[in-house]
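Here's the structure, in structure tokens; my notes come after.
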Amino acid sequence: MVRQSSAGLLVELKAPDLYPGIVADVSAALRGAPGDLRQALAASRLVVQSFDTDFARAFEELEPSVPVGVLGS
């Protein structure tokens, strides 16, 4: 995953309200690769973002160590 290159990981959730449980699913997917997750966070190479502020707040509460961005105009 992230560990094998210098590339980062940008996870953008489009319309998360259409996918019940998506906050927990994204968290579980990131935690499924704990070494990669720690290394990506340490190198500031991981961001989760969405236009949906409710998703952003819920994800931030579940994963406070992961940077969360809210997109908008």
Side-chain angles (χ1 to χ4, degrees):
M1 193 169 120
V2 176
R3 185 173 34 177
Q4 297 173 359
S5 75
S6 61
L9 179 64
L10 173 63
V11 179
E12 182 175 336
L13 277 288
K14 308 251 185 204
D17 55 322
L18 297 177
Y19 306 96
I22 193 71
V23 173
D25 292 344
V26 172
S27 173
L30 292 174
R31 290 184 173 278
D36 292 336
L37 177 60
R38 280 192 305 277
Q39 190 168 0
L41 288 171
S44 298
R45 293 188 290 139
L46 172 62
V47 175
V48 174
Q49 66 184 28
S50 180
F51 286 96
D52 187 299
T53 56
D54 291 334
F55 168 83
R57 283 187 195 109
F59 189 82
E60 189 173 41
E61 285 180 25
L62 190 60
E63 294 292 343
S65 65
V66 177
V68 176
V70 177
L71 303 171
S73 56

Which is it for Val66 and Val11 under the side chain to side chain contact (heavy atoms under 4.5 Å, CB included) test, yes or no, and what are the steps along the way? CA-CA 11 Å; Val66 177; Val11 179; over 6 Å; no

Under the side-chain hydrogen bond (donor to acceptor under 3.5 Å, both in side chains) definition, can you give me all pairs with a residue in residues 47-60, not counting sequence neighbours?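 Every side-chain hydrogen bond (donor to acceptor under 3.5 Å, both in side chains) pair that includes a residue of residues 47-60, provided the two are not neighbours, is Glu12-Gln49.
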
Look at the side-chain heavy atoms of Ile, Leu, Val, Met, Phe, Trp and Tyr, link any pair under 4.5 Å apart, and say whether [X] and [Y] land in one connected group.
| X | Y | value |
| --- | --- | --- |
| Tyr19 | Val26 | yes |
| Val68 | Leu10 | no |
| Leu13 | Val47 | no |
| Leu62 | Leu9 | yes |

My understanding is that only residues two or more places apart in sequence, or in another chain, count here; which of them pass side-chain contact (heavy atoms from CB on, under 4.5 Å) with Ala58?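 Checked Ala58 against side-chain contact (heavy atoms from CB on, under 4.5 Å); matches are Val23.
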
For Ala15, what residues pass the side-chain contact (heavy atoms from CB on, under 4.5 Å) criterion, not counting sequence neighbours?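 Counting only residues at least two positions away or on another chain, Ala15 forms a side-chain contact (heavy atoms from CB on, under 4.5 Å) with Asp17, Leu18.
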
Heavy-atom pair of closest approach, residues Leu41 and Ser65: CD2-O, 3.4 Å

Pairs involving residues 52-73, ordered by first then second residue, that meet ring pair (Phe, Tyr, Trp, His ring centres under 6.0 Å) (sequence neighbours left out):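 Checked against ring pair (Phe, Tyr, Trp, His ring centres under 6.0 Å) - neighbours excluded - the pairs reaching residues 52-73 are Phe55-Phe59.
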
Is there any salt bridge (Lys or Arg N to Asp or Glu O under 4.0 Å) pair reaching into residues 20-30, and which pairs are they, with sequence neighbours excluded? none

Straight-line distance of Lys14 NZ to Leu71 CG, nearest 0.5 Å: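 Between Lys14 NZ and Leu71 CG, I get 7.5 Å after rounding to 0.5 Å.
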
